[in-house]
There are 2 protein chains.
Amino acid sequence: MIRVLLAEDQGMMRSALALLLDLEDDIEVVATVTRGDEVVPVALTARPDVALLDIEMPGASGLEAAAGLRDGLPGCRVLILTTFGRPGYLRRAMEAGAAGFLVKDGPVEELAAAIRRVLAGEKVIDPALAAAALSTGASPLTDRERDVLAAAADGATISDISRRLHLSESTVRNYLSAAIGKTGTRNRIEAAHTARHNGWL
Amino acid sequence: MIRVLLAEDQGMMRSALALLLDLEDDIEVVATVTRGDEVVPVALTARPDVALLDIEMPGASGLEAAAGLRDGLPGCRVLILTTFGRPGYLRRAMEAGAAGFLVKDGPVEELAAAIRRVLAGEKVIDPALAAAALSTGASPLTDRERDVLAAAADGATISDISRRLHLSESTVRNYLSAAIGKTGTRNRIEAAHTARHNGWL
DNA sequence: GCACCGGTAGGACATTTGTCACGGGTGGGC
DNA sequence: GCCCACCCGTGACAAATGTCCTACCGGTGC
């Protein structure tokens, strides 16, 4: 039996996946969690062979959880399952030691198949997505530029950001300008859009 | 047997729900579609008793599809199933003649139960959500304000919007200013956030 | 040692954005 | 007929935003 840990915050998706996976006779869902920060502690006692992680979760992202698992439970394979096939997500998933990356499109049968394949040591990645990740390249944003852009993306003004990040207003303007330039856009809103689209936020 | 039409664009969710519903012995999924604009045509031949509609779909939203069904196939009950419990969504769903409104949290068992209840003529609505919808109130935005804010939300500048909507730049500024005022926010980004959060876009 | 990059900051400047006061037009409700 | 809401527009003004240049500091790589 393949022991699976399932991390997914959306209730209906979580229970549907758990039910479907349990229908497979070689797969057993040994634990389900709803928050990213519960993944590692629960995995340490449940000892899954494969962890199926959503990315967008409260507490911690699936990518952070993947990195935590690599350190805390190295034998456990990580399979990322996400709504958004953003190039940056795939890149970061691989850097966090994930063995596979699936998007929540495509049929459910893919899922069980992917679980068996990562357990056999294979890497499971959508080829089209891999190509997109390679062509898009790594994020051009520095850490600070990312922070500032993320803050600006939810409506903060320059002075809000400067207070929130303990920077001078001039510095914030410089970072924002740099982020806009590097993303090839015309203002902070477009910059935030393309950064999000590419998984750079 | 309860005949169900399932409209959901996300592949894994769609097939998972279809499978789970078919496991119930009094429910039969007679059609699945992936786009909002396929709902009515398919329903006219498949003749479902209940239509289970996602809101965010390509082609047309589930809310538009619900209105189409009310006109084209009045006997069919509509059950909206969505990720976001936005007050405005619930309000618009009811106005479009929906019999129920479920969020994709909570267990899958709720789903089959809700289907049976709407077929029995009941309205199925999360009480907490109903309270939020009532307290938030209807959208204060006029049609034009909504259009302009929506355009601004994805990075368009004033002159972009004026060209896209065939308005003068001054007019666009006035509408944006009005939208910012009515949402009680400080700039277009915050205005877009709260409008989206409340389901006004 | 030196070049380079990232973080931080200031100043000057043009552009964009947001506000306000005002006007006109249209259509619906009482 | 009158009022009101919505549509569309102008002009002026203040505030925020975006760009560019300069500068200093610490670390990293050669």
Side-chain angles (χ1 to χ4, degrees), chain A residues 88 91-92 95 136-201, chain B residues 88 91-92 95 136-201:
Chain A
R91 175 181 302 271
R92 283 194 271 162
E95 286 167 4
T136 304
S139 171
L141 302 177
T142 68
D143 286 351
R144 274 322 212 181
E145 286 160 2
R146 182 177 36 72
D147 294 342
V148 168
L149 185 55
D154 42 61
T157 66
I158 300 270
S159 75
D160 288 342
I161 306 174
S162 79
R163 276 192 300 274
R164 199 189 300 180
L165 299 184
H166 307 291
L167 294 174
S168 90
E169 302 207 355
S170 312
T171 309
V172 174
R173 296 144 84 74
N174 286 335
Y175 284 146
L176 262 182
S177 184
I180 292 168
K182 287 182 178 179
T183 51
T185 51
R186 294 174 304 166
N187 54 51
R188 55 177 75 187
I189 311 182
E190 282 191 349
H193 275 1
T194 66
R196 237 193 264 286
H197 177 257
N198 289 326
W200 293 339
L201 284 189
Chain B
R91 175 180 301 272
R92 283 194 271 162
E95 286 167 4
T136 305
S139 170
L141 302 177
T142 70
D143 288 350
R144 274 322 212 183
E145 287 160 2
R146 183 177 34 71
D147 294 343
V148 167
L149 185 54
D154 41 63
T157 66
I158 300 269
S159 76
D160 288 342
I161 305 174
S162 80
R163 276 193 300 274
R164 200 190 297 181
L165 299 184
H166 308 292
L167 294 173
S168 91
E169 303 205 355
S170 312
T171 308
V172 173
R173 295 142 84 75
N174 286 336
Y175 283 144
L176 261 183
S177 184
I180 292 168
K182 288 182 178 179
T183 51
T185 52
R186 293 174 304 166
N187 55 50
R188 55 177 75 187
I189 311 183
E190 282 190 349
H193 275 0
T194 67
R196 238 194 263 286
H197 178 256
N198 288 327
W200 294 338
L201 285 190

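Numbers restart at 1 for each chain; the letters A, B, ... are given by sequence-line order, proteins then strands.
- Atom-to-atom distance recorded for A:D147:CG and A:L149:CG is 10.0 Å, nearest 0.5 angstrom.
- Interface residues of residues 187-199 of chain A facing DNA chain D, ordered by number: A:N187, A:R188; criterion, heavy-atom separation under 4.0 Å.
- Rounded to 10 degrees, the angle between the two end axes of the helix from C:dG1-D:dC30 to C:dC30-D:dG1 is 40°, with five pairs used at each end.
- Put simply, CD1 on B:I189 and CG on A:D154 are 9.0 Å apart, with the number rounded to the nearest 0.5 Å.
- Listed by first and then second residue, the salt bridge (Lys or Arg N to Asp or Glu O under 4.0 Å) pairs involving residues 178-195 of chain A are A:E145-A:K182, A:R186-A:E190, A:R186-B:D160 (not counting sequence neighbours).
- Atom NZ of A:K182 is separated from atom C1' of D:dG18 by 16 Å (rounded to the nearest Å).
- Distances shown here put a side-chain N or O of A:T142 below 4.0 Å from the OP1 or OP2 atom of C:dG7.
- Proximity of B:R144 to the phosphate of D:dC8: a side-chain N or O atom is located under 4.0 Å from OP1 or OP2.
- What you find for A:G137 and A:W200 is that their closest heavy atoms are O-NE1, 4.1 Å.
- Side-chain nitrogen and oxygen atoms of A:S168 include none within less than 4.0 Å of the OP1 or OP2 phosphate oxygen of C:dT8.
- Looking at residues two or more places apart in sequence or on another chain, you find no side-chain hydrogen bond (donor to acceptor under 3.5 Å, both in side chains) involving A:R91.
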Review item, nucleotides 19-24 of chain D N/O atoms under 3.5 Å of protein N/O:
{"residue": "D:dT19", "atom": "OP2", "partner": "A:S177", "partner atom": "OG", "Å": "3.0"}
{"residue": "D:dC20", "atom": "N4", "partner": "A:N174", "partner atom": "OD1", "Å": "3.0"}

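- Between C:dT8 and A:T171, no contact under 4.0 Å exists linking OP1 or OP2 to a side-chain N or O.
- The side-chain contact (heavy atoms from CB on, under 4.5 Å) search around B:A151 returns B:I161, B:R164, not counting sequence neighbours.
- Contact annotation: the side chain of A:D143 approaches that of A:R146 to within less than 4.5 Å [non-hydrogen atoms, C-beta and beyond].
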Extract all donor-acceptor atom pairs below 3.5 Å that involve side chains of residues 192-199 of chain B and protein atoms in other chains or at least two apart in sequence.
{"residue": "B:H193", "atom": "NE2", "partner": "A:A153", "partner atom": "O", "Å": "3.1"}
{"residue": "B:T194", "atom": "OG1", "partner": "B:A191", "partner atom": "O", "Å": "3.3"}
{"residue": "B:N198", "atom": "ND2", "partner": "B:T194", "partner atom": "O", "Å": "3.3"}

Got a list of side-chain donor-acceptor pairs under 3.5 Å for residues 167-176 of chain A, not counting sequence neighbours?
{"residue": "A:S168", "atom": "OG", "partner": "A:S170", "partner atom": "N", "Å": "3.3"}
{"residue": "A:S168", "atom": "OG", "partner": "A:T171", "partner atom": "N", "Å": "3.2"}
{"residue": "A:S168", "atom": "OG", "partner": "A:T171", "partner atom": "OG1", "Å": "3.0"}
{"residue": "A:N174", "atom": "ND2", "partner": "A:S170", "partner atom": "O", "Å": "3.4"}

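- Residues forming a side-chain hydrogen bond (donor to acceptor under 3.5 Å, both in side chains) with B:S177 (at least two apart in sequence, or on another chain): none.
- Taking atom CD on B:E169 and atom P on C:dG18, their separation rounds to 13 Å, with Å as the unit.
- Within residues 145-165 of chain B, the residues that place at least one heavy atom under 4.0 Å from DNA chain C are, in residue-number order, B:T157, B:I158.
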